[in-house]
Amino acid sequence: MRIGYPCVNESLDCTTASTFRLASYSDERVEQTVRNNLACLLRILQYNVQHNLRFFRIGSNLVPFGSHPINTFPWQTHFAAEFRAIGDYIKAHDMRVSFHPDQFVVLNSPDAGIVQRSVQELVYQGSMLDLMGLDGTAKLQIHAGGLYGDRESALTRWIATYKTLPDAVKRRLVVENDDRLYSLQDCLRLFDAVGVPVLFDNFHHECLNSGEPMSMAVQLAAATWHPTHDGPLMIDYSSQALGERKGKHTNTMQEDLFRSFLEDLRGIDADIMLEIKDKEASAHRACAILTDLGRLAPVSTPAL
DNA sequence: TCCAGTCAAGGGTTC
DNA sequence: GAACCCTTGACTGGA
């Protein structure tokens with residue numbers, strides 16, 4: 001089991017998401033920004049190893065305009081050594097990383113242009129994992145997309161688009177249940193159709209489900225992951241922010257709820273991403289709980 | 001230097 | 001049909 005957090009480290013004084021406006025584009029700016037972002041990514045990974053946080057979601061903006069036609073800078077070759085070094089570091093420390101392309105990636109849009117741009121974005125983000133030399137257990141997670149007033153047609157379009165994806169994307173793509181439109185059961189239908197693993201989000205499942213108890217839902221999702229090709233089930237973990245609208249993520253982990261969720265895992269091996277506002281602060285507490293329960297090996301000698 | 005407005009991209013909800 | 005929300009940090013330009 002690994003514990004992780006997404007994109008941002010609040011303890012370090014750097015960001016992997018430095019960018020600029022489209023109107024300010026220049027190759028020089030891409031070169032400098034990517035260099036800084038990659039340097040920060042390595043620092044975050046080193047911090048994570050030091051603190052036994054071996055799961056990390058890399059921010060989508062590592063390369064500004066990475067899938068946009070304006071970006072003609074050959075960053076893949078220019079930074080090949082840096083990407084490889086980061087990948088080597090990840091592998092040497094038994095870490096796992098992922099990307100979560102944002103809401104603009106919609107594979108089931110009726111608009112062919114949106115689908116085409118979405119595929120390009122997946123190719124871009126997958127290519128960074130390829131450059132790192134990581135295997136198929138490093139994933140790209142997306143949601144099923146929009147409803148467009150007709151769930152069946154929307155799911156059919158998703159499946160049709162999936163079948164056209166490059167193999168390099170297919171081997172990494174996983175679909176996550178969301179909190180408003182597509183439940184675990186919808187995602188399981190996509191798995192039945194094309195074999196795409198289902199990334200399980202406990203909080204979204206609380207918001208939208210078909211009555212499955214949490215423990216059963218985790219088992220259903222876990223069964224969609226091939227232990228060798230996909231690695232252990234990935235879970236996004238969060239809980240409701242008290243006093244806020246339904247679906248709002250909590251600012252900090254509520255330990256009793258986290259402990260309760262661990263009970264629902266019932267021994268299933270999973271890597272857990274804490275989608276919680278205070279980032280690594282909650283991840284540290286999750287690590288402490290799991291270490292205390294004997295379900296996480298204590299941190300080994302840090303290698304910086 | 002600070003701060004409010006804005007930023008490539010989509011879709012759903014509300015009014 | 002327009003406005004606004006999600007979610008969010010970082011950039012930008014004016015004060």
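Excluded from the calculations below are hydrogen atoms, water molecules and symmetry mates; all remaining heavy atoms, backbone and side chain alike, are included.
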| Whole-Å gap separating P (C:dG9) and CG (A:Asp102) | 14 Å
| Within the structure shown, what part of the strands sits under 4.0 Å from A:Tyr148 by heavy-atom distance: base, sugar-phosphate, or nothing? | sugar-phosphate
| query | Would you say a side-chain N or O of A:Arg117 is under 4.0 Å from OP1 or OP2 of B:dG10? | reply | yes
| request: Report the nucleotide, chosen from B:dG12, B:dA8, B:dG10, that has the shortest atom-to-atom distance to any side-chain atom of A:Leu147. | output: B:dG12
| Out of B:dG10, B:dG12, C:dT12, which has the shortest distance to the side chain of A:Arg180? | B:dG12
| Does C:dG9 have OP1 or OP2 sitting under 4.0 Å from an N or O in the side chain of A:Thr19? | no
| request: Would you mind telling me which of A:Leu41, A:Leu42, A:Val34 makes a side-chain contact (heavy atoms from CB on, under 4.5 Å) with A:Thr16? | output: A:Leu41
| request: Tell me which nucleotide among B:dG11, B:dG12, C:dC11 gets nearest to the side chain of A:Ser18. | output: C:dC11
| request: Give me the one residue out of A:Met128, A:Arg84, A:Arg35 that meets side-chain contact (heavy atoms from CB on, under 4.5 Å) with A:Phe79. | output: A:Arg35
| So, A:Tyr124 versus A:Trp75, ring centres under 6.0 angstrom or not? | yes
| message | In this structure, how many angstroms lie between the P atom of B:dA8 and the CD atom of A:Gln103, rounded? | response | 14 Å
| field | A:Lys139 and A:Asp271 ion-paired at < 4.0 Å | value | no
| request: Find the distance A:Ile58:CD1 to C:dT8:P and express it as a whole number of Å. | output: 18 Å
| request: Taking the six-membered ring for Trp and the single ring otherwise, decide whether the centroids of A:Tyr5 and A:Phe56 are under 6.0 Å apart. | output: yes
| said: Would A:Arg151 and A:Tyr182 count as a cation-pi pair here, with the cationic atom under 6.0 angstrom from the ring centre and within 45° of the axis? | reply: yes
| request: Identify whether a stacking contact exists between A:Phe104 and B:dG10, where the ring centres must be under 5.5 Å apart and the planes under 30° apart. | output: no
| note | Side-chain contact check for A:Phe65: nearest option of C:dT12, C:dG9, B:dA8 is B:dA8
| request: Measure from the side chain of A:Val8, starting at C-beta and using heavy atoms only, and say which of B:dG11, C:dT12, C:dG9 lies closest. | output: C:dG9
| field | Pairwise P distance for B:dG11 and C:dG9, with rounding to whole Å | value | 24 Å
| message | Distance check, C1' atoms only: B:dT6 and C:dC4, in whole angstrom units. | response | 16 Å
| said: Let's see if you can work this out: which of C:dT12, B:dG12, C:dG9 has an atom nearest to the side-chain heavy atoms of A:Ser24? | reply: C:dT12
| A:Thr15 side-chain N/O to C:dA10 phosphate OP1/OP2 under 4.0 Å | yes
| Base B:dC7 paired with A:Arg21 side chain (donor-acceptor, <3.5 Å) | no
| task | Could you measure between the two C1' atoms, the one in C:dT8 and the one in B:dT1, and give it in whole Å? | result | 23 Å
| Side chains of A:Asn177 and A:Leu208: closer than 4.5 Å at any heavy-atom pair? | no
| message | Applying the Watson-Crick and G-U wobble criteria at under 3.5 Å, what pairs with C:dA3? Answer none if nothing qualifies. | response | B:dT13
| request: Check the distance between B:dA9's P and A:Asp111's CG and give it to me in whole angstrom. | output: 13 Å
| message | Can you measure A:Leu107 atom CG to B:dG11 atom P for me and round it to whole angstrom units? | response | 11 Å
| request: Give a yes/no on whether any side-chain N or O of A:Ser67 is located under 4.0 angstrom from OP1 or OP2 of B:dA8. | output: no
| How would you label the contact of A:Leu181 with the nucleic acid (heavy atoms, under 4.0 Å): base, sugar-phosphate, or nothing? | sugar-phosphate
| For atom CD of A:Gln32 and atom C1' of C:dA10, their distance in whole Å | 16 Å
| request: Please state how far atom CG in A:Asn108 lies from atom C1' in B:dG12, giving the value in whole angstrom units. | output: 13 Å
| Assigned partner base of C:dG9, Watson-Crick or wobble definition, under 3.5 Å | B:dC7
| message | Taking the P atom in each of C:dT12 and B:dA9, what is the distance between them to the nearest angstrom? | response | 16 Å
| query | Of all the nucleotides listed (B:dG11, B:dG12, B:dA8), which has the minimum atom distance to the side chain of A:Val106? | reply | B:dG11
| note | Pairing partner of B:dT1, by Watson-Crick or G-U wobble and under 3.5 Å for both distances, is C:dA15
| query | Atom NE2 of A:His249 to atom P of C:dT8: distance rounded to whole Å? | reply | 7 Å
